[in-house]
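Every chain is numbered from 1 and lettered A, B, ... according to where its sequence line falls, protein lines coming before strand lines.
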Amino acid sequence: MEISSKYNPKEVEGKILLQWLETGSFNAQVRSDKKPFSIVIPPPNITGILHMGHALNNTLQDVLIRYRRMQGYEALWMPGTDHAGIATQNVVEKDLAKQNLRKEDIGREEFTARLWAWTDKYGSTILEQLKKLGASCDWRRIRFTLDNEYNEAIKEAFVRLYEKGLIYRGNYIINWCPRCKTALSDEEAVRKEIDGWLYYIKYPVSDVERSTLNVQRYVVVATTRPETMLGDTAIAVHPQDERFAWLKNATVTLPIMERQLRVIEDEIIDMAFGTGVVKVTPSHDPVDFALGKKHNLDFINIMHQDATLNEHAGEFSGMDRFKAREAIVALLEEKKLIEKKEPYKIAAGHCYRCHTIIEPRVSLQWFVKMKPLAEAAITVVEEDKIRFYPARWKKVYLNWMYNIQDWCISRQIWWGHRLPVYYCKQCTTTLELKTQSAIVGEVKKGIVVSKEKPQRCPDCGSIDLVQDNDVLDTWFSSWLWPFATFYWPNFRGQKPEAGSQMDDKKELEYFYPTAVLITASEILFFWVARMIMAGLEFKKEIPFREVLIHGTVRDERGIKMSKSLGNIIDPLVIIDKFGTDALRFSLMLLAASGSDIYLSDEKFLVGRNFANKIWNATRFILLKIKESQVVLDTLDVEDPDVLDRWLLKELSGTIREVDISFDEYRINDATKKIYDFFWHTFCDWYIEMIKEDFNLRRAKMLLRVLVDSVKLLHPVMPFITEEVFGLIKRSCGAQLEPMLVCSRWPQTVIVAEDEPLAKLTMLIETVKELRNIKIDLGLAQKKVILEVKADSGIVAQWKMHETWIRRLAFLERIDYKEHIERTICKNDLWELNLAIEGADIKNFIASLDKKIKSLESVLEKVTQRLGNEHFLKNASEETVQQEQLKFQEVKRQLQRFKELKDAFK
RNA sequence: GGGCGUAUAGCUCAGUUGGUUAGAGCGCUGCGUUCACAUCGCAGAGGUCUCUGGUUCGAUUCCAGAUACGCCCACCA
């Protein structure tokens with residue numbers, strides 16, 4: 001069998017993926033003999049295409065799942081997608097626009113049909129890409145938030161919350177996207193600073209008597225949104241503001257509209273801001289809304305749904321809000337009612353889907369009361385029943401939960417779950433309430449909340465019932481994900497599904513709570529916090545024990561990668577250029593716990609190079625075995641020599657550290673440890689050492705360590721390791737597990753620290769020293785003779801290791817002598833000399849001087865410390881001892897270097 | 001305005017309860033094709049650990065402040 005000298009991922013990945021899928025290696029089921037380990041995927045939007053953030057997030061999950069699977073857990077990674085209400089609707093609307101159609105032109109039914117058609121065609125693209133990434137999900141279980149069974153879960157949750165009084169309907173001010181024409185939750189209105197103006201507008205005082213008594217004929221209010229003045233129904237000042245004491249009980253005239261406005265007083269007004277006088281627009285500003293309710297003001301809605309001005313806007317009716325702003329400012333300027341304007345940064349809410357500036361709007365919507373749900377969700381985190389990694393997110397989470405606001409869950413779009421709400425046309429007028437924006441507050445009358453459409457109205461018996469047209473916020477489905485994916489609450493009975501018999505209820509009991517949730521910080525509030533609330537509310541148990549929050553993927557300059565900025569690195573392109581394992585390895589190496597990662601194409605070279613290293617080490621080992629024609633029946637090494645034991649010790653240490661790192665979610669550390677061991681310990685030393693001392697035992701050792709190495713690496717680089725494992729299986733007779741993906745995780749072995757092992761370590765050090773000395777002497781490329789002076793026992797050790805020492809220190813030969821002319825390198829056990837004809841003695845001395853100088857400064861520091869009585873008194877005995885040892889060691893080294901220098905005089 | 005985070009080699013980052021001769025990868029420099037790999041090997045240069053105080057026998061590490069950058073939340077219109 002020929003093995004190419006370059007690893008070619010393209011020849012391997014597709015084939016290996018198919019093997020995994022065909023053997024059902026990713027499948028998980030209830031198994032009483034195994035502990036479960038489960039993760040639910042953060043369901044990607046069906047509109048999604050794989051980006052670097054997905055690659056990072058899903059590789060992390062896959063690493064943990066593969067690690068636990070190999071450790072013997074029944075590892076389930078639940079896959080699925082999110083219907084992504086607004087996002088998907090926008091995509092299909094855009095398609096429609098190409099045919100010059102709006103969704104209203106074709107109607108709800110037809111539009112929904114097109115949405116489903118789109119979903120069928122493109123909805124699983126992202127899942128196919130995740131497979132390509134190597135994601136070892138149980139792909140039989142793919143769930144979609146718009147599945148029928150999933151819809152049942154949502155209805156159940158809605159009805160339960162409603163019956164508990166935790167869902168209500170009411171006219172409140174909400175975030176309105178005039179482009180998507182829907183309400184949004186607070187989280188969906190992203191604050192971004194934009195450049196604007198603060199306009200100072202004069203409002204004439206109407207009370208003539210008062211205005212003549214006082215000098216002022218008008219008051220000045222400051223606003224960033226002058227167009228909203230058309231909906232003003234009051235002005236407000238702080239009750240303690242003496243500057244405006246004279247305004248008490250006065251009325252002012254709203255310019256343009258010529259409406260009389262009350263002057264109200266409220267503590268909420270900041271006397272220091274603007275002029276201290278605020279225009280109050282209860283229908284178009286959250287603060288003003290609260291003021292309006294508190295002071296019983298009129299609510300005048302001046303805008304249509306698309307943010308053009310409506311009939312209440314007088315002459316500006318029909319104009320867009322920003323055009324109207326310009327027109328109003330112009331008119332006010334003409335009337336000399338603008339005192340001044342200042343440039344001003346406005347933190348305006350933007351629609352998180354289409355980035356349009358949010359318009360606060362009073363509207364009849366459905367809300368979830370969050371405070372009661374938050375209580376338990378706060379406790380479990382306070383008490384560390386759910387832990388965050390890194391831990392600092394605990395504070396962020398709690399801070400948000402302590403200040404949680406009610407959640408607006410109704411959306412005026414067509415793609416999503418219809419609210420399980422029905423209205424009786426006969427006995428209620430609630431439907432009309434939608435247009436009566438003046439009615440503010442909670443609305444309960446004439447509503448039937450039910451999973452199924454009621455036969456008749458419970459009040460009047462009418463059969464004329466209609467379902468609410470709105471759909472639910474996408475996140476109202478996502479928050480049920482950890483248990484709704486198991487077909488909660490109805491389950492499926494005992495139907496065989498995709499060739500396997502699953503008892504859904506048992507599945508849920510077995511796999512829930514899940515082990516860990518892995519996500520980016522962006523959706524901590526959207527999703528993580530709400531899942532915790534939903535889990536506790538509906539399952540009476542936390543949904544996951546740990547939350548791993550990883551960083552954001554940025555470009556080289558530290559700017560967040562985004563399609564619109566054009567600075568993305570496409571993971572699929574990286575896969576194509578360097579291979580999936582290279583992508584995964586580099587990401588895992590760079591993803592320090594919780595910190596953002598800065599990417600450029602070159603960052604993936606580490607991964608590619610490492611894959612190639614693994615490939616070539618395998619190639620060498622297999623060739624060597626084939627050449628030597630040894631026959632392997634087992635990989636058990638019965639009688640390891642000191643080199644073997646040295647390697648086994650290093651391997652065990654690596655396994656231990658890798659385990660700890662993975663357990664603590666320090667995946668980058670684990671990745672680094674395996675890399676160092678494989679490349680530098682195994683390849684650079686062991687393989688080089690045994691090249692000319694090859695036999696059956698070595699062959700077993702090489703394969704044994706190679707197998708353990710690829711096992712350790714498998715979670716991070718699944719494809720190449722599985723391929724290598726296959727190559728090993730096919731080319732040796734030893735009994736090995738069927739596939740790496742389901743193989744047993746490596747175990748540590750105990751290796752005694754005996755004399756020969758200690759001497760080996762010294763020999764390795766000596767080889768490194770010899771390399772250095774040769775370079776200092778300018779003899780790097782010359783094979784020279786080494787002379788060794790040592791006791792006969794030590795000489796025997798040297799002779800045993802002579803072959804590899806000669807090779808690795810690049811020596812002509814080694815002579816053992818009673819007497820050497822000069823010592824060029826020494827330790828407690830041996831003195832060495834090199835034949836140094838033509839050497840650069842000056843450079844060698846200079847290098848010695850440098851070492852001597854640096855050691856002297858260390859010695860000085862240590863001496864000082866040991867001479868300090870405070871140190872001796874206060875430092876721990878152990879520390880003092882350590883310091884004394886260091887003193888001896890440094891002194892000895894120094895002595896040696898000085899002697900060496902003297903020998904060259 | 002409130003909260004959080006980061007600052008270590010040219011770049012990206014490690015540095016585990018204060019005591020290290022402060023590390024790695026990439027990049028750079030020199031040498032090297034000795035029968036896996038030049039996607040390689042051997043070695044080297046490069047750091048007053050952002051600054052200022054404090055605690056301590058001792059601070060890159062703990063505390064306070066400053067500076068810079070970043071993130072999140074928030075009803076200064």
Side-chain angles (χ1 to χ4, degrees), chain A residues 3 5-7 191 198 221-225 228 236 268-275 277-281 285-291 344 346-347 360 390 392-393 395-396 399-400 403 521-522 524-525 552 556 558 578 582 589-590 592 594-600 602-603 605-624 627 664 666 668-669 672 675-676 683-684 687-688 691-692 768 771-772 774-776 778 780-781 783 807-808 810 851 854-855 857-859 861-862 865 868-876 878-880 882-883 886 889-890 893:
Chain A
I3 303 176
S5 73
K6 284 185 169 62
Y7 172 58
R191 298 254 169 201
L198 187 58
V221 301
T223 181
T224 54
R225 296 189 296 152
T228 62
I268 201 168
I269 309 303
D270 180 356
M271 291 189 265
F273 186 85
T275 58
V277 189
V278 182
K279 61 189 267 315
V280 183
T281 322
D285 182 277
V287 180
D288 296 1
F289 177 81
L291 282 173
Y344 195 74
I346 306 160
R392 66 183 131 95
W393 291 104
K395 282 190 214 165
V396 178
N399 186 49
W400 187 75
N403 300 302
S521 60
E522 288 105 73
L524 182 61
F525 306 140
T552 307
E556 264 179 307
F578 304 121
L589 196 65
L590 290 167
S595 65
D596 290 350
I597 62 175
Y598 293 56
L599 287 181
S600 59
E602 301 86 73
K603 292 278 169 71
L605 288 173
V606 199
R608 183 203 60 174
N609 293 353
F610 189 44
N612 201 56
K613 188 74 184 179
I614 298 164
W615 188 251
N616 275 289
T618 307
R619 175 166 167 252
F620 170 76
I621 292 167
L622 294 181
L623 279 174
K624 195 85 183 167
E627 253 174 41
E664 294 174 355
R666 288 183 292 111
N668 62 325
D669 285 346
K672 181 80 171 32
Y675 175 87
D676 282 340
C683 292
D684 289 348
I687 291 182
E688 293 302 328
K691 265 185 179 168
E692 289 173 60
K768 288 183 188 168
R771 286 169 175 167
N772 274 317
K774 284 186 69 193
I775 283 172
D776 286 342
Q781 62 276 58
K783 277 193 171 182
R807 256 177 56 78
L808 298 192
F810 207 56
K851 282 173 194 149
S854 120
L855 280 172
S857 83
V858 175
L859 190 68
K861 256 193 350 207
V862 178
R865 205 171 292 162
N868 183 341
E869 58 178 281
H870 296 289
F871 172 72
L872 297 173
K873 206 171 67 188
N874 293 317
S876 75
E878 205 190 328
T879 307
V880 175
Q882 244 172 41
E883 216 54 33
K886 194 198 289 173
E889 175 58 26
V890 171
Q893 281 180 25

Visitor: Produce a footprint string for nucleotides 36-45 of chain B: one letter per nucleotide, 5' end first; B if the base is under 4.0 Å from any protein heavy atom, S if only the sugar-phosphate is, - if neither.
Guide: BB-BSSSSSS
Visitor: Sticking with atom C1', work out how far B/rU50 lies from B/rC69, rounded to a whole angstrom.
Guide: 12 Å
Visitor: Using a cut-off of 4.0 Å on non-hydrogen atoms, how would the nucleic acid contact of A/Gln893 be classed: base, sugar-phosphate, or nothing?
Guide: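 The answer is base, as A/Gln893 lies within the cut-off (heavy atoms under 4.0 Å) of a base atom.
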Visitor: Nearest-Å distance, CG (A/Asp776) to P (B/rC31)?
Guide: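 Taking CG of A/Asp776 and P of B/rC31, I get 15 Å after rounding.
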Visitor: Looking only at heavy atoms, what is the nearest atom pair of A/Arg191 and A/Ala347, with distance?
Guide: NH1-O, 2.9 Å
Visitor: Tell me, please, which residues at least two apart from A/Lys768 pass salt bridge (charged side-chain N to carboxylate O under 4.0 Å, His left out).
Guide: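 Salt bridge (charged side-chain N to carboxylate O under 4.0 Å, His left out) check on A/Lys768 returns A/Glu765.
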Visitor: Distance check needed: B/rG32 P versus A/Lys783 NZ, whole Å only.
Guide: 16 Å
Visitor: Ignoring the backbone of A/Leu590, work out which of B/rC4, B/rU12, B/rA77 is nearest its side chain.
Guide: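 Per side-chain heavy atoms of A/Leu590, the pick is B/rU12.
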Visitor: When the C1' atoms of B/rU61 and B/rA22 are compared, how many Å lie between them, rounded to an integer?
Guide: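 Taking atom C1' in both B/rA22 and B/rU61, they lie 12 Å apart.
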Visitor: The criterion is side-chain hydrogen bond (donor to acceptor under 3.5 Å, both in side chains); which residues satisfy it with A/Lys691, sequence neighbours excluded?
Guide: A/Glu688
Visitor: Specify the separation, in whole Å, of atom NZ of A/Lys395 and atom P of B/rG3.
Guide: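 My rounded result for the distance is 11 Å.
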Visitor: Can you list the residues that meet the salt bridge (charged side-chain N to carboxylate O under 4.0 Å, His left out) rule with A/Glu692, with sequence neighbours excluded?
Guide: A/Arg807
Visitor: Write out the stems for RNA chain B, ordered by first number and formatted as range with range, counting runs of at least 3 consecutive Watson-Crick or G-U wobble pairs under 3.5 Å.
Guide: B:1-7 with B:67-73, B:10-13 with B:23-26, B:28-32 with B:40-44, B:50-54 with B:62-66
Visitor: Atom CZ of A/Phe810 to atom C1' of B/rC31: distance rounded to whole Å?
Guide: 11 Å
Visitor: Sticking with atom P, work out how far B/rU52 lies from B/rU8, rounded to a whole angstrom.
Guide: 16 Å
Visitor: Kindly say whether A/His870 contributes a backbone atom to a donor-acceptor pair with the side chain of A/Asn874 at under 3.5 angstrom?
Guide: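 Yes, the answer is positive, given that a donor and an acceptor are paired below the 3.5 Å cut-off.
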Visitor: How is A/Thr879 classified with respect to the nucleic acid when contacts are heavy atoms under 4.0 Å: base, sugar-phosphate, or nothing?
Guide: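 Touches a base.
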Visitor: List for me each residue that meets salt bridge (charged side-chain N to carboxylate O under 4.0 Å, His left out) alongside A/Lys886, sequence neighbours excluded, and say none if there are none.
Guide: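 Only A/Glu883 meet the salt bridge (charged side-chain N to carboxylate O under 4.0 Å, His left out) criterion with A/Lys886.
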Visitor: Using a cutoff of under 3.5 Å, can you pull out all pairs of nitrogen or oxygen atoms linking the protein to nucleotides 68-75 of chain B, with atom names and distances?
Guide:
{"from": "B/rC75", "atom 1": "OP2", "to": "A/Arg191", "atom 2": "NH2", "distance (Å)": "3.4"}

Visitor: How many Å lie between CD1 on A/Ile597 and P on B/rG5, as a whole number?
Guide: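 It is 22 Å, rounded to the nearest whole Å.
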Visitor: Quick one: list whatever passes salt bridge (charged side-chain N to carboxylate O under 4.0 Å, His left out) with A/Lys603, sequence neighbours left out.
Guide: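 Applying salt bridge (charged side-chain N to carboxylate O under 4.0 Å, His left out) to A/Lys603 gives none.
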Visitor: Name the pairs: protein N/O against N/O of nucleotides 57-59 of chain B, kept only if under 3.5 Å.
Guide:
{"from": "B/rC57", "atom 1": "OP1", "to": "A/Asn874", "atom 2": "ND2", "distance (Å)": "3.1"}
{"from": "B/rC57", "atom 1": "O2'", "to": "A/Asn868", "atom 2": "ND2", "distance (Å)": "2.8"}

Visitor: Would you name the heavy atoms of A/Thr275 and A/Ala222 that are closest together and state the gap between them?
Guide: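 Here A/Thr275 and A/Ala222 meet closest at OG1-N, 4.1 Å.
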Visitor: Taking side-chain hydrogen bond (donor to acceptor under 3.5 Å, both in side chains) as the test, write out the residues that go with A/Arg619, two or more places apart.
Guide: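 Listed in chain order: A/Asn616.
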Visitor: Can you check the A/Leu808 CG to B/rC35 P distance for me, whole Å?
Guide: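 It works out to 14 Å between those atoms.
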Visitor: Whole angstrom is fine here: how far is it from OH in A/Tyr598 over to P in B/rC11?
Guide: 12 Å
Visitor: For A/Asp669, check side chain to side chain contact (heavy atoms under 4.5 Å, CB included) against everything at least two apart and list the hits.
Guide: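 Testing A/Asp669 for side chain to side chain contact (heavy atoms under 4.5 Å, CB included), a comparison that skips the adjacent residues, returns A/Ser661, A/Arg666.
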Visitor: In chain order, what residues pass the side-chain hydrogen bond (donor to acceptor under 3.5 Å, both in side chains) check against A/Thr879, with sequence neighbours excluded?
Guide: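 A/Thr879 satisfies side-chain hydrogen bond (donor to acceptor under 3.5 Å, both in side chains) with A/Ser876 once adjacent residues are dropped.
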Visitor: Could you state the atom-to-atom distance from CZ of A/Arg666 to P of B/rA14 in whole Å?
Guide: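 In whole Å, B/rA14 P and A/Arg666 CZ are 12 Å from each other.
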Visitor: Any chance you could measure A/Ile687, atom CD1, to A/Ile621, atom CD1, to the nearest 0.5 Å?
Guide: 4.5 Å
Visitor: What nucleic acid atoms does A/Leu524 come within less than 4.0 Å of, heavy atoms only: base, sugar-phosphate, or nothing?
Guide: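 Touches nothing.
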